[in-house]
Amino acid sequence: MPTSSEIVRVRFAPSPTGYLHIGGARTMLFNWLVARKAGGCMVLRIEDTDQARHVEDSLQKILDDLRWLGLTWDEGPEAGGDYGPYFQSQRLDIYNQYMQQLLDAGQAYYAMESPQELDRMREIAKKEQGGFRYPRPDPLPTIEQGQLAMREGRKVVVRCKMPDEDITVHDSILGDVTLTADQFEDFIIQKSDGFPTYHFACVVDDALMKITHVLRGQEHLMNSHKHVALQHALGFPTPIYGHMPVIFNLDGSKMSKRDKEKAIKAGLAPPEIEVHDFRTAGFLPEAILNFIALLGWSTGDDQEAYTLDELTQAFSMERIGKTNAKFDRAKLLSFNTDWAARLPEPLLLERLKDYATINNLPICSATDDLLLRLLQACAGFRTFADLQKKIGFLFIEDEAIEFDPKAVKKVLAKNDNAGFSILNQTLTKLDALEDWTKSPIEDLVNDLCESLDTKMGNVAQPIRVAVSGSTVSPPIGETLELLGKDKTLIRIRKCLKLHVAV
RNA sequence: GCCCCCAUCGUCUAGUGGCCUAGGAUACCGGCUUUUCAUGCCGGCGACAGGGGUUCGAGUCCCCUUGGGGGUGCCA
C-alpha cells in the first residue's frame, strides 16, 4: 500500500481505437480530480498493445478532445515525464524483462494451445459444465519446451500461474471483494505476437509509473484480482483501487458507437456518444464536465452547478456512488442552457468559435464583435446548434434564402394573404426609414401595429419569415439591424413575389 | 451455467436507526411573462422492488426472492 507521504499519482489509459468515449471522459475527470485535489500527478498512458484494433489518428483526436474539456495531463504524450515512454507499444523491452523474471521464477509458463484449440475446449466445457477454466498442465511445460515450440514456428503464449489462495481486493468504493482460489485461472499475460496482454502491461506500468490510485470503471472489478496476483508475483505494491459505476443509455443499453449507426439506419438523428459528438452538437465543455461529474458522484448538498475548480474543491473519492447511472441527455441540455447563460462572454465566444470551426460554418468569417452581439441577441439559447439555427440566415446570400412553406402558409398566406398585405405596407415604411438601428425599427413596427390595430406578432412574424425564411430569429429590431437595410429590403421584395406566384 | 457488484421519483441523486407526512435537480403537466424560438418565474404530478427478520423505532442493519449490471477473450 502506498504510504501517505507518497505523492498521489493517477493515470488515464485510453486505447487509440477511436474518439474519446463519454464514459472515458468521466474516468479521466475523476482521476484528474483526485490528482488536482491532492496536488498530485496526472499521467496519460496509451494502451496500444492491440495492433489489430489500432485506429489511425485516434490518438490526436483523443488528446484534442481532452484538451477541449480542459483535462490536462502532467506526464504522457506531448508532455513527457520521468516515467516514459508512455506508449505501451514502446515498452516491450520492459515487459519482456519482467516476463522473463516471472518465467524464471516459475510463476508463469509457456502454453502452446492455439486459439482454435481453446475455442474447442471452451465449447466442450460450456456444454458439460457451463463454464471454462484453463486446465493447468501437469507438469508445467519447461522454458526449454516453450522456446523449442517457438523455434518450430508454433504459436506460444505465456500464462500466469495463479496462486492457490483467496484474493481480496480492497476497493475504496465497493468495499472488500474476495474471490476464492478456485475461481482463478491461469490467464494469458503474453500473446503469441509477443505483446503483453492488458493485464500484464497495466500492472507493470502502474508499478513503474508509481501509480498510487487506480480509478476505473466497474467492468474492471474482476480484473483486479488478476492484477493483485501479478503484483504479488512481481513484488509490486498494490495501488488503491476504486471501481466506478458504469454509464448507460436511458433504456439501459450500453452507450456504444454503434448506436449512431443504428439510429442513422432507422432514419433517426444519431445520439451523441463520444465527447466529440457533443462538441460538434454545440455543447459546452463546462456543461459536459459538470454533468458527468454528477453521474456517480455527489457532494450531498443541493448544489448542482460546479466549475472544474469547484469540483476539485468538493471532490472526494469516498463520495463516489455504487449505482450504475443512465445518461439523460435532457438533463445535460438543461445544464448546457445554464452554462451558456453563466459563462463569461470571452469564454463563451471562444467556445462558439470552436463550434463554428469544427463544423466549418459560415459564421467562421464573423468578427468577434459580431459573434458577441449574436450571443447576446440569442441569450437563453440551449446549444450552439440552436443558436446557429436562429442566426444562420444572416450568413447566406439573399438569393439562397429559402422560405419554409409551412411558415409562409401560416404567417403570410393565411386569412386571405393578410400577412402579405401587412408585409407590403411594412416594406414601404422600412424603405423610408433613415436610422437603421434596433430601436427606431422597433418603433416603426410598434407604430404600424397601432395604426393597423393589430398585435405585434401579426406584423413581426411576416417580416421575420421574409428575411429569415423561418418563424424563428432574434427579436425583430435586432434581426433587421443585424441583417442591414439593403438585404432586408431585398429579401422582403423577394418574399412578396411569392404572393404573386401563389 | 458459474462467479462478482448493485437496488430511493421516468432520469441524476440526498438520505450512514428517530430530524422522512422521504429533500433537490431534470423531465412531464398546468399557469404567468414574451413580437417568434428559447429563456425566466410560480404551482402540480411523482420513489424507498417484494417478502421475512433485528429493534421501542428501518429507506437506513441482516437474510431470502426478484430485477439490473459486470466477468467468464491471445480486447482493453
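Labels below follow one simple rule: chain letters A, B, ... track the order of the sequence lines, proteins then strands, and each chain is numbered from 1.
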Side-chain polar contacts of residues 378-395 of chain A - donor-acceptor pairs under 3.5 angstrom, sequence neighbours left out - could you list them?
residue	atom	partner	partner atom	Å
Thr383(A)	OG1	Ala385(A)	N	3.3
Thr383(A)	OG1	Asp386(A)	N	3.2

For Gln313(A), which residues count as a side chain to side chain donor-acceptor pair (under 3.5 Å) partner, sequence neighbours excluded? none
Side chain to side chain donor-acceptor pair (under 3.5 Å) with His220(A): which residues, sequence neighbours excluded? Tyr198(A), Asn223(A)
For [N], give its Watson-Crick or G-U wobble partner with both distances under 3.5 Å, or none.
N: A14(B); result: none
N: G30(B); result: C42(B)
N: U35(B); result: none
N: A22(B); result: none
N: U66(B); result: A7(B)
N: U72(B); result: G1(B)

Would you say a side-chain N or O of Ser298(A) is under 4.0 Å from OP1 or OP2 of A14(B)? yes
Whole-Å [atom1] distance, [N] and [M]:
N: A76(B); M: G70(B); atom1: C1'; value: 15 Å
N: A47(B); M: G53(B); atom1: C1'; value: 24 Å
N: G31(B); M: A22(B); atom1: P; value: 27 Å
N: G52(B); M: U39(B); atom1: P; value: 47 Å
N: U13(B); M: C2(B); atom1: C1'; value: 34 Å
N: U21(B); M: A38(B); atom1: C1'; value: 38 Å
N: U55(B); M: U60(B); atom1: C1'; value: 13 Å
N: G15(B); M: C29(B); atom1: C1'; value: 28 Å

[N] [atom2] sits how many Å from [X] [atom1], rounded?
X: Leu332(A); N: A25(B); atom1: CG; atom2: P; value: 18 Å
X: Asn249(A); N: C12(B); atom1: CG; atom2: C1'; value: 15 Å
X: Glu304(A); N: U26(B); atom1: CD; atom2: C1'; value: 8 Å
X: His170(A); N: C5(B); atom1: NE2; atom2: P; value: 14 Å
X: Gln183(A); N: G1(B); atom1: CD; atom2: C1'; value: 14 Å
X: Ile320(A); N: U13(B); atom1: CD1; atom2: P; value: 12 Å
X: Asp251(A); N: U11(B); atom1: CG; atom2: P; value: 12 Å
X: Asp302(A); N: G23(B); atom1: CG; atom2: P; value: 11 Å

Please work out if [X] contacts a base, only the sugar-phosphate, or nothing of the nucleic acid, heavy-atom cut-off 4.0 Å.
X: Leu333(A); result: nothing
X: Arg216(A); result: nothing
X: Gly296(A); result: sugar-phosphate

Side chain to side chain contact (heavy atoms under 4.5 Å, CB included) involving Asp182(A) - partner list, sequence neighbours excluded: Thr180(A)
Residues that Glu272(A) engages under side chain to side chain contact (heavy atoms under 4.5 Å, CB included), provided they are two or more places apart: Asp277(A), Phe278(A), Ala281(A), Phe283(A), Arg329(A)
Checking ring pair (Phe, Tyr, Trp, His ring centres under 6.0 Å) for the pair Trp73(A)/Phe12(A): CA distance, chi angles, key distance, verdict? CA-CA 9 Å; Trp73(A) 53 100; Phe12(A) 177 56; 9.7 Å; no
May I ask you to decide if the ring planes of Phe200(A) and Tyr95(A) are parallel, tilted or perpendicular, using 30° and 60° as cut-offs? perpendicular
When every nucleotide of nucleotides 64-76 of chain B is labelled 5' to 3' by its protein contacts under 4.0 Å (heavy atoms), B for base, S for sugar-phosphate only, - for none, what sequence of letters results? -----SBSSSBBB
For nucleotides 28-40 of chain B, give me one character per nucleotide, 5' to 3': B if any protein heavy atom sits under 4.0 Å from the base, S if the only such contacts are to the sugar-phosphate, - if neither. -------BBBBSS
Please report, to 0.1 Å, the donor-acceptor pairs under 3.5 Å made by any side chain of residues 149-158 of chain A, with sequence neighbours excluded.
none

Tell me if the NZ atom of Lys191(A) is crowded by more than 12 foreign heavy atoms within 6.0 Å. yes
Does CG belonging to Asp251(A) count more than 12 external heavy atoms closer than 6.0 Å? yes
Only counting residues at least two apart or in another chain, list the ones meeting salt bridge (charged side-chain N to carboxylate O under 4.0 Å, His left out) with Arg120(A). none
Taking for Lys331(A) and for Trp297(A) the nucleotide of RNA chain B with the nearest heavy atom, the one nearer the 5' end belongs to Trp297(A)
